A.B. asks: 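One structure, pasted below without further comment.
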Amino acid sequence: MALQFHNSLSRQTEEFTPLRPGQAGLYTCGPTVYNVAHIGNFRAYVFEDLLRRTLKYCGYQVTQVMNLTDVDDKTIRASRHAGKSLAEFTQQFKDAFFADLQSLRIEPAEHYPAATEHIAEMIELVGRLLARGVAYQAEDDSVYFSIERYPKYGCLVNLDPAQSRSSGRVRHDEYAKESVADFALWKAHTAEDGEVWWDSPWGRGRPGWHLECSAMSMKYLGPTFDIHTGGVDNMFPHHEDEIAQSEAATGQQFVRYWLHCAHLIVEGRKMSKSEGNFFTLRDLLGQGFSGREIRYVLLACHYRQALNFTRQSCLDARSALQRIDDFIARLRQTDSAENRDGNPSVEPEETLCQRAKKDFKEALEDDLNIAEALAALFNLVRDGNRRLDQRRMNGREASDILSLLHDFDSVLAVLEADKGEEVPAAIEQLAQQRQQARRDKDFARADALRAELAEQGWSVEDTPDGPRLKPSG
RNA sequence: GGCGCGGUAGCCAAGUGGCAAGGCAGAGGUCUGCAAAACCUUUAACACCGGUUCGAAUCCGGUCCGCGCCUCCA
């Protein structure tokens with residue numbers, strides 16, 4: 001089966017054929033660095049990570065670009081409020097963002113261009129749009145893109161202005177524009193911008209928000225590239241405007257496949273600060289959830305489906321991961337055992353592994369059908385456990401399954417425990433003392449040691465393979 | 001009002017014309033100094049009403065319910 005994606009542009013699932021064979025150019029809308037990103041933001045970044053890893057899994061060489069929006073209304077307003085320079089203010093949130101990406105095991109992109117470092121490219125793009133006659137400088141000195149002079153406007157979201165109703169978000173201070181629908185390419189400097197401005201042929205000012213994505217994506221990926229992603233809320237106006245200004249400037253198709261992920265809601269309601277259901281990744285880590293548990297929750301829901309993020313879903317993820325962890329531990333035990341060549345299974349494990357791998361890959365190729373991919377993984381876990389129970393697996397077979405799980409994990413990145421989940425040496429020692437007491441049939445001492453472990457926040461479980469320690473609570 | 005998405009077991013969630021995946025929770029069993037865990041097995045579902053078809057969760061029409069967007073929110 002060939003790799004296929006649901007293209008927002010055509011609203012159909014299409015086979016993915018890259019511009020250059022074997023290579024995939026990917027532009028993923030990144031954060032506006034005016035605060036710490038919330039869990040809804042990370043839903044999008046985890047989706048993009050799954051996309052990136054799937055492309056690589058399917059043999060593509062990926063060039064991913066993720067922008068950092070470090071100049072816009074919000075960053076300027078917030079930095080002035082904080083009494084810091086724009087650069088100093090945004091830096092802390094850039095740092096926080098990259099730390100969070102690491103917690104969620106999101107693979108780094110090839111490029112993280114910041115808007116403030118690409119002002120020249122944006123100015124150049126505005127110049128081309130003016131030269132082409134689709135932009136104009138208004139009385140307020142700002143430069144706007146004219147929707148009227150670009151007939152193709154609206155190809156992504158299919159909006160009929162006559163039928164539209166204002167959502168109340170339209171700003172009423174933009175009288176300078178020829179038409180309400182026109183959007184800013186270059187915003188003339190105002191008092192509220194403070195120290196933030198750059199010189200341009202149209203005077204001091206700063207770039208409009210949409211412009212950075214066009215300028216930077218084309219710089220790193222070329223005038224036409226394969227895939228552009230973002231949240232559904234970015235389809236309009238952001239992506240619509242990107243298409244307009246990019247294609248008007250180059251006369252070429254901008255993006256070939258648009259992929260948009262649905263929103264995340266929390267406990268069934270839209271996440272918002274006023275509802276009190278607003279979470280950052282740090283909040284969740286502080287509640288005792290690990291990065292990979294959160295990653296699993298964000299990953300396990302198909303990207304075009306609204307994700308209902310709940311405390312229960314985090315606990316479910318923990319249990320599901322525990323099931324895989326336990327299976328891996330059993331396989332390692334078998335792999336390291338002496339029966340490397342003994343006890344062959346009745347049927348060759350090739351069948352088991354081959355089927356799992358085929359199901360897993362085909363699921364991902366089908367527009368990132370993660371639910372099917374995880375089903376393939378869990379079927380392997382169940383079938384493998386059954387064989388282990390029946391003593392129908394030798395070390396070589398266990399080793400093959402471990403390799404396959406490792407292969408799956410190049411896409412999922414949830415199978416290895418986080419560092420914080422490791423057991424401290426002192427706790428390990430107590431558990432071993434208890435194990436010795438059990439061997440000596442000194443159960444009173446064993447129970448006392450168990451109580452002591454509990455006091456230190458660890459529970460101990462006696463499995464056929466020896467004691468297992470888990471943080472309690 | 002316009003554009004779009006969705007309603008599958010207690011919960012989450014695949015499947016889009018032919019015996020309804022998977023995860024969590026529940027139940028039974030195995031194992032076990034005790035406890036717990038783990039593993040195996042297993043219960044249970046297609047919003048409603050019509051239509052097309054040999055056959056519909058899947059296609060078509062309608063109804064009800066929920067959600068998103070409609071100018072700078074992933």
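Because the structure is a prediction, the values reported are computed rather than measured. Letters A, B, ... mirror the listed sequences (proteins, then strands); counts begin at 1.
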A.B. asks: Less than 4.0 angstrom from a charged side-chain N to a carboxylate O is my criterion; do A:R438 and A:D462 meet it?
C.D. replies: yes

A.B. asks: Does the distance from a Lys or Arg side-chain N to an Asp or Glu carboxylate O, for A:K187 and A:D73, drop under 4.0 Å?
C.D. replies: yes

A.B. asks: Okay, side chain of A:N41, backbone of A:H38: is any donor-acceptor separation there less than 3.5 Å?
C.D. replies: yes

A.B. asks: Can you tell me which residue among A:L125, A:D241, A:V143 is in a side chain to side chain contact (heavy atoms under 4.5 Å, CB included) with A:L211?
C.D. replies: A:L125

A.B. asks: With rounding to the closest Å, how many angstrom separate the P atoms on B:A21 and B:U42?
C.D. replies: 12 Å

A.B. asks: Ignoring hydrogens and angles, state whether a donor on the side chain of A:S142 or A:Q137 is under 3.5 Å from an acceptor on the partner side chain.
C.D. replies: no

A.B. asks: Answer with base, sugar-phosphate or nothing: what part of the nucleic acid does A:Q305 contact at a heavy-atom distance below 4.0 Å?
C.D. replies: sugar-phosphate

A.B. asks: If we call it a pair only when both distances are under 3.5 Å in a Watson-Crick or G-U wobble match, what pairs with B:G33?
C.D. replies: none

A.B. asks: Measure from the side-chain heavy atoms of A:K270 and tell me the nearest of B:A14, B:A36, B:G68.
C.D. replies: B:G68

A.B. asks: Between atom CG in A:N308 and atom P in B:G10, what is the gap in whole Å?
C.D. replies: 18 Å

A.B. asks: In whole angstrom, what separates A:L185's CG from B:C72's C1'?
C.D. replies: 13 Å

A.B. asks: Hey, is the side chain of A:K74 poking within less than 4.0 Å of OP1 or OP2 on B:C73, counting only N and O atoms?
C.D. replies: yes

A.B. asks: Reckon A:D241 touches a base, only the sugar-phosphate, or nothing at all at heavy-atom distances under 4.0 Å?
C.D. replies: nothing

A.B. asks: Return the 5'-most residue of the pair A:V460, A:Q312 with respect to RNA chain B, ranking by each residue's nearest nucleotide.
C.D. replies: A:Q312

A.B. asks: With a non-hydrogen cut-off below 4.0 angstrom, is A:H263 in contact with a base, only sugar-phosphate, or nothing?
C.D. replies: base

A.B. asks: Strictly by Watson-Crick or wobble contacts shorter than 3.5 Å, is anything paired with B:G28, and which nucleotide is it?
C.D. replies: B:C40

A.B. asks: Tell me the partner of B:A20, counting only Watson-Crick (N1-N3 plus N6-O4 or O6-N4) or G-U wobble (N1-O2 and O6-N3) with both under 3.5 Å; none if nothing fits.
C.D. replies: none

A.B. asks: Across all strands shown, which nucleotide pairs with B:G1 by Watson-Crick or G-U wobble geometry, both distances under 3.5 Å?
C.D. replies: B:C70

A.B. asks: Using the P atom as the reference point in each nucleotide, state the distance between B:G26 and B:A36 in Å, no decimals.
C.D. replies: 13 Å

A.B. asks: Mapping A:L374 and A:A44 onto RNA chain B by nearest heavy atom, which one lands closer to the 5' end?
C.D. replies: A:L374

A.B. asks: Looking across every strand, which nucleic acid part, if any, lies under 4.0 Å from A:G230 by heavy atom: base, sugar-phosphate, or nothing?
C.D. replies: sugar-phosphate

A.B. asks: When rounded to the nearest Å, what value does the distance between C1' atoms of B:C12 and B:A45 take?
C.D. replies: 13 Å

A.B. asks: In Watson-Crick or G-U wobble terms, both distances under 3.5 Å, what is the partner of B:U63?
C.D. replies: B:A47

A.B. asks: Mind listing the N/O atom pairs, protein and nucleotides 32-34 of chain B, below 3.5 Å?
C.D. replies:
unit_1	atom_1	unit_2	atom_2	d
B:G33	N7	A:R438	NE	3.4
B:G33	O6	A:R434	NH2	3.3
B:G33	N1	A:D447	OD1	2.9
B:G33	N2	A:D447	OD2	2.9
B:C34	O2	A:R450	NH2	2.6
B:C34	N3	A:R450	NH1	3.2
B:C34	N3	A:R450	NH2	3.4
B:C34	N4	A:D462	OD2	2.7

A.B. asks: What integer number of Å spans the C1' atoms of B:A20 and B:G28?
C.D. replies: 24 Å

A.B. asks: What residue among A:R304, A:H239, A:H6, A:H228 forms side chain to side chain donor-acceptor pair (under 3.5 Å) with A:H260?
C.D. replies: A:H239

A.B. asks: Grab the CD-C1' distance between A:E372 and B:A20 for me, whole Å please.
C.D. replies: 12 Å

A.B. asks: When every nucleotide of nucleotides 38-46 of chain B is labelled 5' to 3' by its protein contacts under 4.0 Å (heavy atoms), B for base, S for sugar-phosphate only, - for none, what sequence of letters results?
C.D. replies: SSSS-----

A.B. asks: I'd like the C1' distance from B:C11 over to B:C48, given in whole Å.
C.D. replies: 23 Å

A.B. asks: Heavy atoms under 4.0 Å, any strand shown: does A:A320 hit a base, just sugar-phosphate, or nothing?
C.D. replies: sugar-phosphate

A.B. asks: Check the distance between B:G22's C1' and A:L364's CG and give it to me in whole angstrom.
C.D. replies: 14 Å

A.B. asks: Can you tell me how far P of B:G22 sits from CZ of A:R355, to the nearest Å?
C.D. replies: 11 Å

A.B. asks: With a cut-off of 6.0 Å (strictly less than), are more than 12 heavy atoms of other residues, nucleotides or ligands near CD of A:E148?
C.D. replies: no

A.B. asks: Going by purine N1 to pyrimidine N3 plus the second Watson-Crick contact, or the G-U wobble pair, all under 3.5 Å, which nucleotide sits opposite B:A57?
C.D. replies: none

A.B. asks: When you measure from the side chain of A:R295 to the backbone N and O of A:L412, does any donor-acceptor pair fall under 3.5 Å?
C.D. replies: yes

A.B. asks: Could you identify which residues of residues 28-38 of chain A place a heavy atom less than 4.0 Å from some atom of RNA chain B, listed by residue number, or say none?
C.D. replies: A:H38

A.B. asks: Does a donor on one side chain and an acceptor on the other come within less than 3.5 Å for A:N67 and A:T69?
C.D. replies: yes

A.B. asks: Quickly work out the A:I370 CD1 to B:C12 C1' distance and round it to whole Å.
C.D. replies: 14 Å

A.B. asks: Distance check, C1' atoms only: B:U58 and B:U8, in whole angstrom units.
C.D. replies: 11 Å

A.B. asks: Where the side chain of A:V232 is defined as all heavy atoms beyond and including C-beta, which of B:G22, B:U71, B:G68 is the nearest nucleotide?
C.D. replies: B:G68

A.B. asks: Distance between the P atoms of B:G10 and B:U43, in whole angstroms?
C.D. replies: 14 Å

A.B. asks: In whole Å, what separates the P atom of B:G62 from that of B:G4?
C.D. replies: 14 Å

A.B. asks: Atom CG of A:L299 to atom P of B:A14: distance rounded to whole Å?
C.D. replies: 13 Å

A.B. asks: Give the ring-plane orientation class for A:Y153 versus A:F145, where under 30° counts as parallel, over 60° as perpendicular and anything between as tilted.
C.D. replies: tilted

A.B. asks: Once you apply a heavy-atom cut-off of 4.0 Å, does A:L264 come out as touching a base, just sugar-phosphate, or nothing?
C.D. replies: base

A.B. asks: Give a yes or no on whether A:Q102 atom CD has more than 12 heavy-atom contacts from other residues, nucleotides or ligands under 6.0 Å away.
C.D. replies: no

A.B. asks: Would you please indicate if the ring centroids of A:H210 and A:F183 are separated by under 6.0 Å?
C.D. replies: yes

A.B. asks: Tell me whether A:N385 contacts the main-chain N or O of A:V381 through its side chain, where contact means a donor paired with an acceptor under 3.5 Å.
C.D. replies: yes

A.B. asks: Please report whether the ring centroid of A:F254 lies less than 6.0 Å from that of A:F225.
C.D. replies: yes

A.B. asks: Whole Å only: how far is the CD atom of A:E461 from the C1' atom of B:A36?
C.D. replies: 5 Å

A.B. asks: To the nearest 0.5 Å, what is the distance between CD (A:Q435) and CG (A:D440)?
C.D. replies: 10.5 Å

